[in-house]
Amino acid sequence: MRLITWNINSLRLRLPLLQRLIEEQAPDVICLQETKVPDPLYPQDALAELGFPHQLYRGMKSYNGVTILSRTPLEAVADTPDWCGKTDCRHVAATIQTKSGPVTIHNFYVPAGGDIPDPQENDKFAHKLAFLEEATAWFKANPPKRSILVGDLNIAPLEHDVWSHRQLLKIVSHTPPETSRLIDWMKAGFEDAMRKAIPEPEKLFTWWSYRNRDWKKSNRGRRLDHIWTTPDILPGLNTIEVLSPVRDWTSPSDHVPVLMDIAL
DNA sequence: ATGGTTGCAAGGCAA
């Protein structure tokens, strides 16, 4: 199975880029975050025409929004939590059938957390930490099997997941309260497939700010997007590729797609 | 230390 995860930063605006990505990479499953489209306006027909008639989506006006697209049928996972009681469209999960049996895919968009890394001063940071703790508790209570978890987790956990470990330790996305919670969450049943394929100390980034004149030259990136799998399916891992050239396509997202080939 | 850019949707907010 070829899976791509991508924070597309507006599904409707970037449908042409998604089409190019599909034509070039021919994925079987696509997980998108920051679709920024309310469910009634979701482009069902356009995505079906691109080869993805099976769609699970949870969107809202202006913000957030996640979707899973598949060439083959998806079955929505029932009874997923309403994280932090906010109904803010940050998680969708589905099961698909493979030769070796069903596999469950979780697609997350973790709160970015604002600018100030202090939960007392910044409600958005408090929300981020609470979200991470809720997710950890839920997976501990519901141990995952034959599962893939992807998404924009808005945290770069390892030293070489950021352009400068030292300069980012107090910057939201790389602070110890976040990175320790993200690793706790992963240890609730998953392994880091991206780092399995591309271990430290190789630098690995999936996001480059819009606020840099030349993203490639300054290369101040972070690994905010992740692919985790449960250990039972990880031996099938064949390829992880960060599709960095997409950052140079016309009117790009600030995140690039990450691709995984896994034998299932 | 600050500001730099983008999307949504029509002025700021979130990232």
Side-chain angles (χ1 to χ4, degrees), chain A residues 5-21 31-43 46-47 57-67 83-84 86-91 107-119 121-132 150-157 161-164 166-175 177-179 181-182 205-226 244-258:
Chain A
T5 180
W6 189 21
N7 178 323
I8 194 169
N9 188 16
S10 176
L11 173 55
R12 286 174 293 176
L13 187 69
R14 279 185 246 288
L15 265 175
L17 278 72
L18 183 60
Q19 175 169 8
R20 178 173 169 187
L21 181 69
C31 298
L32 301 173
Q33 306 86 36
E34 281 206 270
T35 55
K36 296 185 174 178
V37 58
D39 289 346
L41 299 178
Y42 186 90
L47 293 167
Y57 48 87
R58 186 166 288 157
M60 58 191 278
K61 189 176 171 175
S62 300
Y63 301 112
N64 310 331
V66 285
T67 184
W83 305 100
C84 301
K86 285 185 179 287
T87 61
D88 57 355
C89 307
R90 294 181 178 278
H91 175 224
N107 181 16
F108 275 96
Y109 175 55
V110 170
D115 287 332
I116 303 165
D118 179 344
E121 282 186 51
N122 173 4
D123 290 343
K124 292 202 282 275
F125 194 72
H127 176 213
K128 185 176 196 176
L129 298 184
F131 190 104
L132 296 166
V150 305
D152 176 4
L153 306 185
N154 264 316
I155 297 171
D161 292 341
V162 293
W163 63 276
S164 169
R166 185 179 61 81
Q167 291 180 80
L168 287 174
L169 270 171
K170 292 180 179 174
I171 302 297
V172 171
S173 74
H174 195 58
T175 69
E178 298 166 79
T179 56
R181 280 170 178 78
L182 190 73
F205 308 149
T206 65
W207 171 90
W208 292 264
S209 172
Y210 284 127
R211 304 177 195 182
N212 279 21
R213 221 158 274 209
D214 185 335
W215 70 274
K216 205 182 289 179
K217 188 176 176 190
S218 57
N219 197 24
R220 295 188 168 189
R222 306 178 198 170
R223 182 170 72 115
L224 303 181
D225 303 275
H226 296 269
S244 306
V246 176
R247 189 65 179 75
D248 269 338
W249 290 3
T250 306
S251 190
S253 170
D254 45 355
H255 296 252
V256 297
V258 184

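Just so it is clear: chains get the letters A, B, ... in the order the sequence lines come, proteins before strands, and each one is counted from 1. Just so we're clear, the structure is a prediction, and the values are computed from it rather than from any experiment.
Summarising the geometry, the separation between CZ on A:R247 and P on B:dT6 is reported as 9 Å, rounded to the nearest angstrom. Separating the CG atom of A:L17 from the P atom of B:dG7 is a distance of 11 Å, rounded to the nearest angstrom. When rounded to the nearest whole Å, the span between CH2 of A:W208 and P of B:dT6 equals 17 Å. If you take CG of A:N9 and P of B:dC8, they are 7 Å apart, rounded to a whole angstrom. In this structure, NE2 of A:H255 is placed 12 Å from C1' of B:dT6, rounded to the nearest angstrom. When rounded to the nearest whole Å, the span between CG of A:L13 and P of B:dG7 equals 5 Å. Counting to the nearest Å, the P atom of B:dG4 and the CH2 atom of A:W215 are 22 Å from each other. Remark: P of B:dT6 and CG of A:L11 are 20 Å apart, rounded to the nearest angstrom.
Between A:P252 and A:E34, the residue anchored nearer the 5' end of DNA chain B, judged by the nucleotide with its closest heavy atom, is A:P252.
Looking at A:K36 and A:L13, their side chains never come closer than 4.5 Å, going by heavy atoms from C-beta outward.
Scanning for side chain to side chain donor-acceptor pair (under 3.5 Å) contacts around A:T35 gives an empty result, with sequence neighbours left out. Among residues two or more places apart in sequence or in another chain, the side chain to side chain donor-acceptor pair (under 3.5 Å) test is passed with A:S209 by none. For A:R20, the side chain to side chain donor-acceptor pair (under 3.5 Å) criterion is met by A:E24, not counting sequence neighbours. Qualifying side chain to side chain donor-acceptor pair (under 3.5 Å) partners for A:D254, counting only residues two or more places apart in sequence or in other chains: A:W207.
Between A:S209 and the phosphate of B:dT6, there is no side-chain N or O to OP1/OP2 separation shorter than 4.0 Å.
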Residues 215-222 of chain A, side-chain donor-acceptor partners within the protein, below 3.5 Å, at least two apart:
unit_1: A:W215; atom_1: NE1; unit_2: A:D248; atom_2: OD1; d: 2.7
unit_1: A:K216; atom_1: NZ; unit_2: A:D248; atom_2: OD2; d: 2.9
unit_1: A:S218; atom_1: OG; unit_2: A:N212; atom_2: ND2; d: 2.9
unit_1: A:S218; atom_1: OG; unit_2: A:D214; atom_2: O; d: 3.0
unit_1: A:N219; atom_1: OD1; unit_2: A:W208; atom_2: NE1; d: 2.9
unit_1: A:R222; atom_1: NH1; unit_2: A:S173; atom_2: OG; d: 3.1

Distances for protein N or O near nucleotides 9-14 of chain B N or O, under 3.5 Å:
unit_1: B:dA9; atom_1: OP1; unit_2: A:S62; atom_2: OG; d: 3.2

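Taking atom P on both B:dA1 and B:dG11, the two are 36 Å apart, rounded to the nearest angstrom.
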